[in-house]
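Okay, so here's the structure we're looking at.
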Amino acid sequence: MKPDLLLDAITKHVKLTKDEEKIVVSLLRDKKVKKKQYLLQEKEIQKYGFFVLSGCLRSYSIDKLLESRKLKLKMSLLYP
């Protein structure tokens, strides 16, 4: 895990105290996802946010006609 990357992204928008930084870091969890693997399964509710360290995530929703809608891409800002 690289908490400094997330803290850098947060502190671009909000000033955090050292205690607040410790709280944020204590709440972080690593999750490695393979290519074509889903972060959430059908009917699962998203409870947490995601911060992409490397690679790209595709996000979309399916409407009642089973058509894909609202495509979003999240890419890391790290380049090998």
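Computed from a prediction, not measured in an experiment: that's the story for all the values here.
For the atom pair Lys32 NZ and Asp30 CG, the distance stands at 6.0 Å (nearest 0.5 Å). Note: Ser26 OG to Glu21 CD = 12.0 Å, rounded to the nearest 0.5 Å.
With a 4.5 Å cut-off on side-chain heavy atoms, Val14 and Leu16 count as touching.
Judged as a side chain to side chain contact (heavy atoms under 4.5 Å, CB included), and not counting sequence neighbours, the contacts of Thr17 are Asp19, Glu20. Residues satisfying the salt bridge (charged side-chain N to carboxylate O under 4.0 Å, His left out) test with Lys47, not counting sequence neighbours, are none. For Tyr48, there are no side chain to side chain contact (heavy atoms under 4.5 Å, CB included) partners two or more places apart in sequence or in a different chain. Partners of Leu40 according to the side chain to side chain contact (heavy atoms under 4.5 Å, CB included) rule, which considers only residues two or more places apart in sequence or in another chain, are Glu44, Gln46. Listed by chain and residue number, Val33, Leu39 satisfy the side chain to side chain contact (heavy atoms under 4.5 Å, CB included) test with Lys31 (two or more places apart in sequence, or in another chain).
Pro3 pairs in a side-chain contact (heavy atoms from CB on, under 4.5 Å) with only one of the listed residues (Asp8, Val24, Leu28), which is Leu28.
Closest approach of Leu5 and Phe51 over heavy atoms only: O-CZ, 3.7 Å.
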